[in-house]
Amino acid sequence: MLDIKLIREHPEIIKKDLEKRCEPEKLEMLNQLIKIDKQWRQNLVEANELRHKRKLITTEVANLKKQGKDATKQIEEAKNIPQQIKRLESEVAEFREKADQLLMKLPNILHESVPFGKDEHDNVIERLVGKPPKFDFTPKSHVELASDLGMIDFERAAKVAGHGFYYLKGDLARLDYAVMTYTIDLLRSRGYTLVEPPLMMHRKPYLGVTDLEFFGDQLYKIENDDLYLIATSEHPMAASYMDEVILQKELPIKYVGVSPCFRKEVGAHGKYTKGLFRVHQFNKIEQFIFCHPDDSWKFHEELQKNSEDLYKGLGLHYRVVNVCTGDIGIIAAKKYDIEVWMADGTFREAGSNSNCTDYQARRLNIKYRKKAGQSPFGFVHTLNNTALATSRTLIAILEQYQQKDGSVVIPEVLSPLMGNLERLE
RNA sequence: GCGGGGUUCUCCUAGCCUGGUAGGGAGCAGGCCUGCUAAGUCUGUGGUCCGUAGGGCCACGCGGGUUCGAAUCCCGCACCCCGCGCCA
């Protein structure tokens, strides 16, 4: 959420930023918001004047009664005020609701280093790390490899839960755990606290962490309860400090969250949906930081380094892209994606590193104070970065480490975590 | 799931039965005092709106209702504690 005061006082800053996003309807929303906000304030002043009037009369009534005098005249006079207030208040609430809706849809202000572009084709490649493996045979996809090894079963999962689910079996399931352990160990050694969060959340905190589009397209709702299955552990971690004021000396708070993630993936038609790439449920290790506003750009690079060190440790070929203005979404001020190389020669997204600056914190109302006992000083900054999404990492491992005979070599760093197993075969 | 208790401003707490300006303490910030520190003392402390000064409104878990007036009475919901039940 943007600072409404900034919008009032310097709408030109927001306008200039919105123009970069290639979404003219957002500019229209801004203009509408400015108009509605003004109406809201006018109505609010009127409503407050009425409430003030009521207060004066009721105080008079109270005083008269205290003195044992008759207050019938004053009570009669006050009798028609409540309905006037009610009418005005409902107007105020209406304007406020409309303004909030628009405010929640307006995106974060972009960092200057975000490249201009229309969609994901305009993302800028920052660097390419490692080399693609050389095969003297026709490489298989991870679906073929894992199916042939008897370690994955999409058919039975479809029977039981529908498309987009899978059974991981045997050593491939062990590999999933090894990837998680490897990731958690590395991040713990760098000062991140391991968190197992709730896997369901109420609607209100959910609206704070992400944008409304998520509700239709991604989130599973629990019937008859105000609960949604989480799409990533970022969400419960971010929401954990909702409506709180954090003491500055406790910052930064660094978490490594581990959880299954649930996504409906509505509207994924035409996207790459093969095998494990786009599924309704997968395990993911997520990095999350609450920090002082001055430190977020430093930590954005730290998070990036952590992720890249993880991929380098696994010996995987990947590239980093700086996500462009048209593809970045509304929450982040800047975003790096890591894309891993797959056996069909394509790089596909495996993780995403966002500095949300104060945008998410403002939505969630997470502030900090300089010293105990002092008033809140400002909003914290939040950052989140995939450490490793196991399903997509498994794809990369299977496809990049495959052998001519259909077996798969286990990356050196994972082998000790699987009883020194060297191959899936 | 059932029954009881609870949620008050940054923190702790009074007020609720019996409706009438939300009181006290701590912390923090500032002023006074002081050679300095401490003590003492005074003022301030959240959100929001109008604005030059200054003032208004809101905030007692959340949302409704009753009333001239609600922290207080009524209804619904969330969360916490205690007990009972069910359960891996």
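First the proteins, then the strands, lettered A, B, ... as listed; each starts at 1.
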### Rounded P spacing from B:rC33 to B:rU37 in Å
13 Å

### Message
For a quick check of understanding: with a heavy-atom distance under 4.0 Å over all strands, which category does A:L44 fall into, base, sugar-phosphate or nothing?
### Response
sugar-phosphate

### Query
For the side-chain hydrogen bond (donor to acceptor under 3.5 Å, both in side chains) test, which of A:T386, A:N385, A:N384, A:D337 pairs with A:S352?
A:D337

### Message
So, taking the atom named OG1 in A:T193 and the one named CD1 in A:I253, what distance separates them when rounded to the nearest 0.5 Å?
### Response
9.0 Å

### Task
Can you tell me the pairing partner of B:rA29 across any strand shown, Watson-Crick or G-U wobble, with both distances under 3.5 angstrom?
B:rU43

### Query
First and last nucleotide of RNA chain B in contact with chain A, 5' to 3', at under 4.0 Å to a heavy atom: what are they?
B:rU10 to B:rC79

#### Entry: Euclidean distance for P, B:rC60 against B:rU10 (whole angstrom)
12 Å

### Watson-Crick or G-U counterpart of B:rC86, or none if no pair lies under 3.5 Å
none

### Task
Report the residue (A:P82 or A:R41) whose heavy-atom-nearest nucleotide on RNA chain B is the more 5′ of the two.
A:R41

### Task
Return yes if some donor-acceptor pair links the side-chain N/O of A:R392 with the main-chain N/O of A:F277 below 3.5 Å, else return no.
yes

### Message
Using the C1' atom as the point on both nucleotides, what is the distance between B:rC86 and B:rG3, in whole Å?
### Response
15 Å

### Task
Select base, sugar-phosphate, or nothing to describe what A:K370 touches, counting heavy atoms under 4.0 Å on all strands.
nothing

### Query
Can you find a side-chain donor-acceptor pair between A:Q360 and A:E234 that sits under 3.5 Å?
yes

#### Entry: Complementary nucleotide of B:rU48, counting Watson-Crick and G-U pairs under 3.5 Å
B:rG56

### Between B:rG19 and B:rG15 - P atom distance, rounded Å
16 Å

### Task
Name the nucleic acid region contacted by A:K367, choosing base, sugar-phosphate or nothing; use a 4.0 angstrom heavy-atom cut-off, strictly under.
sugar-phosphate

#### Entry: Aromatic plane relationship, A:Y311 with A:Y318 - under 30° parallel, 30 to 60° tilted, over 60° perpendicular
tilted

### Query
Is it the case that A:N353 and A:S307 place a side-chain donor and acceptor less than 3.5 Å from each other?
no

### P atoms of B:rG6 and B:rU18, separation to the nearest Å
16 Å

### Query
Any chance CD of A:E12 has more than 12 other-residue heavy atoms, nucleotides or ligands included, within less than 6.0 Å?
yes

### Query
What does A:K55 touch in the nucleic acid at a heavy-atom separation under 4.0 angstrom: a base, only the sugar-phosphate, or nothing?
sugar-phosphate

### Task
For B:rC36 and B:rG47, measure between their P atoms and round to the nearest Å.
35 Å

### Task
Determine the interatomic distance between C1' on B:rC42 and the same-named atom on B:rC57; round to the nearest Å.
28 Å

### Mate of B:rU7 where both pairing distances stay under 3.5 Å, Watson-Crick or G-U
B:rA78

### Task
Taking atom C1' in both B:rG30 and B:rG35, compute the distance separating them and give it to the nearest angstrom.
22 Å

### Query
For A:E89 and A:D37, take the nucleotide of RNA chain B holding the closest heavy atom to each; which residue's nucleotide lies nearer the 5' end?
A:D37

### Query
How would you label the contact of A:R96 with the nucleic acid (heavy atoms, under 4.0 Å): base, sugar-phosphate, or nothing?
nothing

### Task
Name the nucleic acid region contacted by A:V245, choosing base, sugar-phosphate or nothing; use a 4.0 angstrom heavy-atom cut-off, strictly under.
nothing

### Query
Does atom CZ of A:F377 have more than 12 heavy-atom neighbours from other groups under 6.0 Å away?
no

